Protein chains: 2
Amino acid sequence: MFSKACEYGIRAAVYITLQSLDGRRVSVNEIAEEIDSPMAFTAKILQQLTKNNIVDSVKGPTGGFEIEREAMDTVKLSKIVKAIDGDKIYVGCGLGLKECNADKPCPLHDKFIDVRSNLRTMLQSTSLYELATGLEVGLTYLKR
Amino acid sequence: MFSKACEYGIRAAVYITLQSLDGRRVSVNEIAEEIDSPMAFTAKILQQLTKNNIVDSVKGPTGGFEIEREAMDTVKLSKIVKAIDGDKIYVGCGLGLKECNADKPCPLHDKFIDVRSNLRTMLQSTSLYELATGLEVGLTYLKR
DNA sequence: TTAATAAAGGATAAATTTATCCGAATTAAA
DNA sequence: TTTAATTCGGATAAATTTATCCTTTATTAA
């Protein structure tokens, strides 16, 4: 469904959100450990999240990644997915056709529209804050 | 969503179904042309479909691929997807966790279940016959 | 001002997916 | 029985994704 990079990206963003709720800035090192992801690769993905203004980064000692309280609400999963995987997951044809639309649909077009809009709606309506609070309460997990 | 191999596989299977409805057996060459896919790669994928008893193949002159009338109804997309991409698309965790279930869910678990079961239901209920008939009537397309 | 810490960025490697090529096996038709 | 058409299977190549390493840049604190 999502690329590995995107999975790591979402998990990292949720972890940063969780820690930012406590006012803690976190390093790549800590993030990779806590979400069980490869360190250097995670660093690359965090660069993308930073460039896309999804999280903030601070260099130097005591530096690390954080996210503003407001962004926790405004950043939806769709923004992260789009930044890392692009929007092909909503936009593209399920069977890989370049031209596939209501006028010239692939055989799966109509059935796929449902599934995809379901997914899109879910991603567009789920905020980082929402995901982090489940973690905070100990209801959900980011590792293993 | 699906791998390229799987996209080609579904398109190929639908095309074979369409032609088998007319009693025509089709070669890899024709299939690749008609679904606009790379020939040799398509041949590999057709081997998988054959091994999984999704389509039948016949060697030699006048040989090619075909599908039995009954299989057109009983083979659902889920079978093709499973044969090529495996079942991670239904079974796996959306965030890539190995252990993710109702007991120890990832933050996206509940929301993902909806999307995924939507997809699974669609794939499990859509037969090759159903997809081919749209093509036959000229309502849907397999190229471009 | 210096040393240490952390992200940024570039180069490269490993793994996987996508794709091609070619000889072997099978089979129908000439 | 030979020839040609076709799938099958193995080897390999190209492209993309995943992952690592190392140097540079920024910044804090001693």
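These figures come from a predicted structure and were not determined experimentally. In what follows, every chain begins at residue 1, and chains take the letters A, B, ... in the order their sequences are listed.
Counting heavy atoms from C-beta on, the side chains of A:Arg25 and A:Thr62 come closer than 4.5 Å. Between A:Tyr129 and A:Leu21 there is a side-chain heavy-atom pair separated by less than 4.5 Å.
The main-chain N or O of B:Ile80 is never found under 3.5 Å from a side-chain atom of B:Asn52 such that the two would form a donor-acceptor pair. Remark: side-chain polar atoms of A:Ser20 are not paired, donor with acceptor, to backbone N or O of A:Gly23 under 3.5 angstrom. Using a distance-only test at 3.5 Å, with no hydrogens or angles considered, a donor-acceptor pair links the side chain of B:Asp85 to the main chain of B:Ser3. Judged purely by atom type and a 3.5 angstrom limit, B:Asn101 uses its side chain to pair as donor or acceptor with the backbone of B:Lys104.
Between A:Gly9 and A:Leu49, the closest heavy-atom pair is O-CD1, 3.7 Å.
Where DNA chain D meets chain B (any atom under 4.0 Å from a heavy atom), the bounding nucleotides read 5' to 3' are D:dA4 to D:dA11.
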message: One pair to check against salt bridge (Lys or Arg N to Asp or Glu O under 4.0 Å): B:Glu130 and B:Lys76. What are the steps and the verdict?
response: CA-CA 9 Å; B:Glu130 185 181 352; B:Lys76 313 292 185 187; over 6 Å; no
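Proximity of residues 44-62 of chain B to DNA chain D (heavy atom under 4.0 angstrom from any strand atom) is restricted to B:Lys44, B:Gln47, B:Thr50, B:Lys51, B:Ser57, B:Val58, B:Lys59, B:Gly60, B:Pro61. Less than 4.0 Å separates DNA chain D from no heavy atom of any residue of residues 2-25 of chain B.
Rounding to whole angstrom units, CD of residue A:Glu66 and P of C:dA6 are separated by 14 Å.
Within 6.0 Å of NZ on A:Lys82 lie no more than 12 heavy atoms contributed by other residues, nucleotides or ligands.
Remark: the B:Tyr141 side chain and the A:Glu99 side chain contain no N/O donor-acceptor pair separated by less than 3.5 Å.
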